[in-house]
Amino acid sequence: MITIENLTKYYGTNKAVNNISFTIKDNEILGFLGPNGAGKSTTMNMIAGFLPMSDGKVTICGADITKEPVKAKQNLGYLPEIPPVYPDMRVREYLAFCAGLKGIPFTKRSDEIERVSKLLKITDVSSKLIKNLSKGYKQRVGFAQALLGDPKFLILDEPTVGLDPNQVMEVRSIIKDLKKDHSVIFSSHILSEVSAVCDRVIIINKGDIRAIDTIENLEKSYSSSLVLRLKIKGARAKASSIIEMTEGVKEIISIDDEGSEIFAFAVQLEGDAETVQAELMSELLKNNVKILEIYTEKPNLENVFIELINRPAKKTSLSDLIDEIVPDSEKAPAEEPAADEPAAEAEEEKEEN
Amino acid sequence: MFSIYKKELQSFFFTPFAYALIALFMLLFTYTIGALIGDMDSSRLTFSYAEVFYNAILYFIFLIPILTMRTFPDERKFGTEVLLMTSPVSVLKIVIAKFLANATVFLCMLAGSAIFPIITAFKGEVVISQLLCAYLGFFLWGLMYITLGMFISSFTENAIIAAILGELAMFLFLFIDNFSGIAFFSQYPKLQSVLYSFAAQPRFGYFSQGFIRLSDIVFFVSAIIVLLSWTYISIEKRRWKRG
């Protein structure tokens, strides 16, 4: 198990990672999602022990990464954003070097290299110079390096970047297979990839964790943004008034005129999608509106992601609280007259009495 | 640790780098011997290898920074520093492995230069004890410069800058006893003596005359240890400071 407690990183005065805590359980694939510059790579670098943290603690199998780095790193395979390969080395040479670096006994090295080469399908390039390989192959060599020695935990920073769609599928299935006896932390900004591979997701933005949960739960709990799509023929005004009257409808987002009297409605829902949809359909049919198409967009990780990323962060630290207090005190004088008004009204009432 | 040492050696010997460097050293060394033999005339009929080494130390200023300039900058350039730092090998071991690899190339340079005394021994007479002492001094001086070069290369991501700064530092270090002799420093005898105690040239002088003094060995060895630990500290500091 990897435990991350109150991990914080400052770059100068800029806070890149803000007091984040989570755990990675055994045999789990944890997705790390966030826009560019969210602090994904910084966090991963800290967990892997490359970057020292400004504050907090990372424990890998009970070993603190700052206090017992060698012990902690023995259980770790790391593929950074840029594959850490030596351009002047041959693939096999490079893997042999990495195997030595990880302390794999000499007699087991060639078997181990054989195993990871087969797994990542780099056997046929094993005698090539790394600088002559394509980006996808370099990425795979870097991945092979992380798998050497069969470490319990794997940290993969955007492992599928630069791969062709076929290779992406292969790498994803490798990651899924690894789950049997490994834990994987895996960052990406490709949402479909994360939802295809991961058990749990951490959504991070500007150094703050916005959510940690399974994908299903995230999609359920952030389904407020359900949108119903409706296509009708003619009777635009009638249809829109019916839609607005129906219970569970929040608002009509847009009405597109698609020509030959066909109108496409996008409707924001509040209530349970199925009931609203059924009711709306029967209302429209009662009023002789011709429905061409009706469906509710399924909640997806994309919507959840966008919603979470754009939501302001929770205030946790003292400085955030101070930030919150300062504008309030500035607002205070403006609010005072408003507070006086009821009192003035009360006085007027007294006079009237 | 051994795998890093091996990898470093591969990067020297599987490329033309080490061969070119050793060849350049041999060229300069041979030239010095030729020039010294050519200088002999009826008034001066002595020739000593110690004198050749004295001259060869000057070439260190150019050769050693070239040897050490890539030690750390290359790891940073290729992003492989991450690999080393996240592997279960301590930073100190990384530094020592790299030092040993550089020292091995340097030893090859020395071994190449041994051809001349061997040939001389066949045809004439070589004072072996003095020669070995001179070699010891030469070797220690080289190791000290290697650690200095590594220390400087740990500051930067650019190998060329590491080489230029290394040359500058080694130049200053070589002539420290000359600097301590200038009029400005002779005004302050205490400062002058402190500065002079850092001078390596007079210490090398003893070696080349066939003296092995404990204080000289301690001087060189402690300089090597101090510079290696500074290199270690500098790498750790860089990690902590990053960003």
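Proteins come first, then strands; the chains are lettered A, B, ... in the order of their sequence lines, and each starts at number 1. Just so you know, these numbers use all the heavy atoms, side chains as well, and skip hydrogens, waters and symmetry mates. Quick caveat: nothing in here was measured; it's all calculated off a predicted structure.
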A/Leu101 side chain near B/Leu84 side chain, heavy-atom distance below 4.5 Å: yes
Within a radius of less than 6.0 Å around OH of B/Tyr31, do more than 12 heavy atoms belonging to other residues, nucleotides or ligands occur? no
Rounded to the nearest 0.5 Å, what separation is found between the NZ atom of A/Lys73 and the OG atom of B/Ser90? 9.0 Å
Using non-hydrogen atoms and a 4.5 Å limit, figure out which bit of B/Glu236 sits close to chain A: side chain, backbone, both or neither. neither
Looking at every non-hydrogen atom in both residues, tell me the closest pair between B/Ser3 and A/Gly100 and how far apart they are. OG-C, 3.3 Å
Give the minimum heavy-atom separation between B/Gly79 and A/Pro84, together with the two atoms involved. O-CB, 3.4 Å
Side chain to side chain, B/Val89 and A/Val70, heavy atoms closer than 4.5 Å: no
Are more than 12 heavy atoms from other residues, nucleotides or ligands located less than 6.0 Å from atom CG of A/Leu119? yes
Proximity breakdown for A/Tyr78 and chain B, heavy-atom pairs closer than 4.5 Å: side chain
Are the side chains of A/Tyr86 and B/Lys7 in contact, using a 4.5 Å heavy-atom criterion? yes
Could you grab the distance from atom CG of A/Asp88 to atom CZ of B/Phe17, nearest 0.5 Å is fine? 12.0 Å
Can you confirm whether more than 12 heavy atoms, excluding those of A/Lys108, are under 6.0 Å from its NZ atom? no
For A/Glu81, which atoms come within 4.5 Å of any heavy atom of chain B: side chain, backbone, both, or neither? neither
Side-chain contact test, heavy atoms from C-beta onward, threshold under 4.5 Å: evaluate it for A/Phe97 versus B/Leu83 and give yes or no. yes
Contact origin within A/Met89 toward chain B - heavy atom pairs under 4.5 Å: side chain
Using atom types as modelled and distance alone, determine if a side-chain donor or acceptor of B/Thr80 lies under 3.5 Å from a backbone N or O of A/Val85. no
Ranked by heavy-atom pairs below 4.5 Å to chain B, first place among A/Pro87, A/Ala72, A/Pro69 goes to A/Pro87
Ignoring hydrogens and angles, tell me if any N or O in the side chain of B/Arg239 forms a donor-acceptor pair with the backbone of A/Pro52 under 3.5 Å. no
dist A/Leu148:CG -> B/Ser87:OG (nearest 0.5 Å) comes out at 12.0 Å
Considering only heavy atoms, which portion of B/Phe2 lies under 4.5 Å from any heavy atom of chain A: side chain, backbone, both, or neither? neither
What closest approach, in Å, do A/Pro80 and B/Val82 show between heavy atoms, and which atom pair accounts for it? CG-CG1, 3.6 Å
